[in-house]
> 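Okay, here's the structure, questions in a sec.
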Amino acid sequence: HNSGIQSFKKEATTALNRDELSLYTAPQQKSRYVEPEAGQLEQSVATLRKLVEPYTTWCQSTYNQVKPKVKSVIQCGTDTYAYLKNPPKDFYPRAGVIGFTGVLGLYLARGSRIKKLIYPAGLMTVSASLYYPEQAAAIAKSTGDSVYDCAVQSYAAVEKMLKPQSKTEKGSDSETKP
């Protein structure tokens, strides 16, 4: 019986290695990845993408520029709707009078296109300034300041244009005198 245990111990010491069993061994693979050749459809799609790429980048940049403006217009519309939903006292009668003066201006400005622009705008401005004098004064002040700034800038531009000519004329006169 001892001899059976000893033979079992010999077999246990001479146990098979895991790599020797066919179940655990992986066959040696000598494969490499080969890039498949692009077909005609893939080449045409790549060419189309290259052609369209400048336009898509232009559209994205335009969208990024327009998006804030659209958001501000939507916000302005939402604010206007909220204002008109709960208007202040006497808002609609005042708006009616201002609109009526615009129509009256169109009626009075028969015959001339310039009158059709000036009369309604002028009458609407006068009637709106009667109802909203503080806002009208603020607008008139800012408009006056901007008109004054434009006048000063245009005067400076005209002066710059005329000064070099006067210097060259004086220089040519001095050259001809000696």
Side-chain angles (χ1 to χ4, degrees), residues 38 40-178:
Q40 187 175 4
L41 178 65
E42 291 171 338
Q43 289 176 352
S44 60
V45 168
T47 306
L48 181 67
R49 285 181 69 188
K50 286 179 184 176
L51 289 173
V52 174
E53 187 176 3
Y55 301 108
T56 56
T57 55
W58 177 80
C59 288
Q60 286 176 342
S61 65
T62 304
Y63 173 75
N64 290 336
Q65 291 174 356
V66 171
K67 184 179 176 182
K69 295 176 184 175
V70 170
K71 282 186 174 183
S72 66
V73 168
I74 291 171
Q75 184 63 39
C76 180
T78 305
D79 294 343
T80 304
Y81 174 74
Y83 180 79
L84 293 176
K85 193 172 180 182
N86 298 316
K89 185 181 176 184
D90 297 334
F91 172 74
Y92 288 117
R94 290 177 181 184
V97 170
I98 293 169
F100 175 73
T101 56
V103 173
L104 181 66
L106 281 175
Y107 177 74
L108 294 174
R110 287 177 284 172
S112 174
R113 290 184 180 179
I114 296 172
K115 286 181 181 178
K116 286 183 180 180
L117 292 174
I118 294 172
Y119 281 24
L123 288 175
M124 288 176 73
T125 303
V126 168
S127 60
S129 65
L130 292 175
Y131 286 121
Y132 304 103
E134 293 146 6
Q135 289 87 346
I139 290 171
K141 184 180 182 306
S142 65
T143 304
D145 291 343
S146 63
V147 167
Y148 176 74
D149 290 341
C150 288
V152 168
Q153 288 175 356
S154 61
Y155 177 75
V158 169
E159 190 175 301
K160 283 181 182 177
M161 287 171 40
L162 294 176
K163 273 190 175 180
Q165 290 178 355
S166 62
K167 285 182 180 178
T168 56
E169 289 173 3
K170 288 179 182 175
S172 63
D173 290 342
S174 63
E175 289 174 6
T176 55
K177 286 181 182 177

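As the structure is a prediction and not an experimental result, all values here were calculated from the model. The chain is numbered in sequence order, starting from 1.
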> Should the heavy atoms of other residues, nucleotides or ligands under 6.0 Å from CD1 of Ile114 be counted, would the total exceed 12?
no
> Quick check for you: to the nearest 0.5 Å, what is the distance between Gln153 atom CD and Ser146 atom OG?
10.5 Å
> When rounded to the nearest 0.5 angstrom, what is the spacing between CD in Glu42 and OG1 in Thr47?
11.5 Å
> Working to the nearest 0.5 Å, report the span between NZ of Lys67 and CD of Gln60.
12.0 Å
> How close do Leu123 and Leu104 get, heavy atom to heavy atom, and via which atoms?
CD1-C, 4.3 Å
> Cation-pi between Arg110 and Tyr107: NZ/CZ under 6.0 Å from ring centre and within 45° of the ring axis?
yes
> Run the ring pair (Phe, Tyr, Trp, His ring centres under 6.0 Å) test on Phe91 and Tyr83 for me, step by step, so that the C-alpha distance in whole Å, both residues' side-chain angles and the decisive distance to 0.1 Å come before the verdict.
CA-CA 10 Å; Phe91 172 74; Tyr83 180 79; 5.3 Å; yes
> To the nearest 0.5 Å, tell me how far Ile98 CD1 sits from Leu130 CG.
9.0 Å
> Does the side chain of Leu41 come within less than 4.5 Å of Ser44's, by heavy atoms?
yes
> Dump the intermediate steps for side chain to side chain donor-acceptor pair (under 3.5 Å) on Asp79 and Gln75, then the final yes or no.
CA-CA 6 Å; Asp79 294 343; Gln75 184 63 39; 3.0 Å; yes
> I need the minimum non-hydrogen distance between Lys116 and Ala109, along with the two atoms involved.
CG-O, 3.4 Å
> Could you walk me through whether Tyr131 and Asp90 pass side chain to side chain contact (heavy atoms under 4.5 Å, CB included), step by step?
CA-CA 10 Å; Tyr131 286 121; Asp90 297 334; over 6 Å; no
> Let me confirm one number: the CG-CE distance from Leu106 to Met124, rounded to the nearest 0.5 Å.
9.5 Å
> How far apart are the closest heavy atoms of Pro87 and Tyr92, and which atoms are they?
CG-CE1, 3.5 Å
> How close do Pro120 and Gly102 get, counting heavy atoms only, and between which atoms?
CB-O, 3.5 Å
> With rounding to the nearest 0.5 angstrom, report the CD1 to OH distance, Ile139 to Tyr132.
11.5 Å
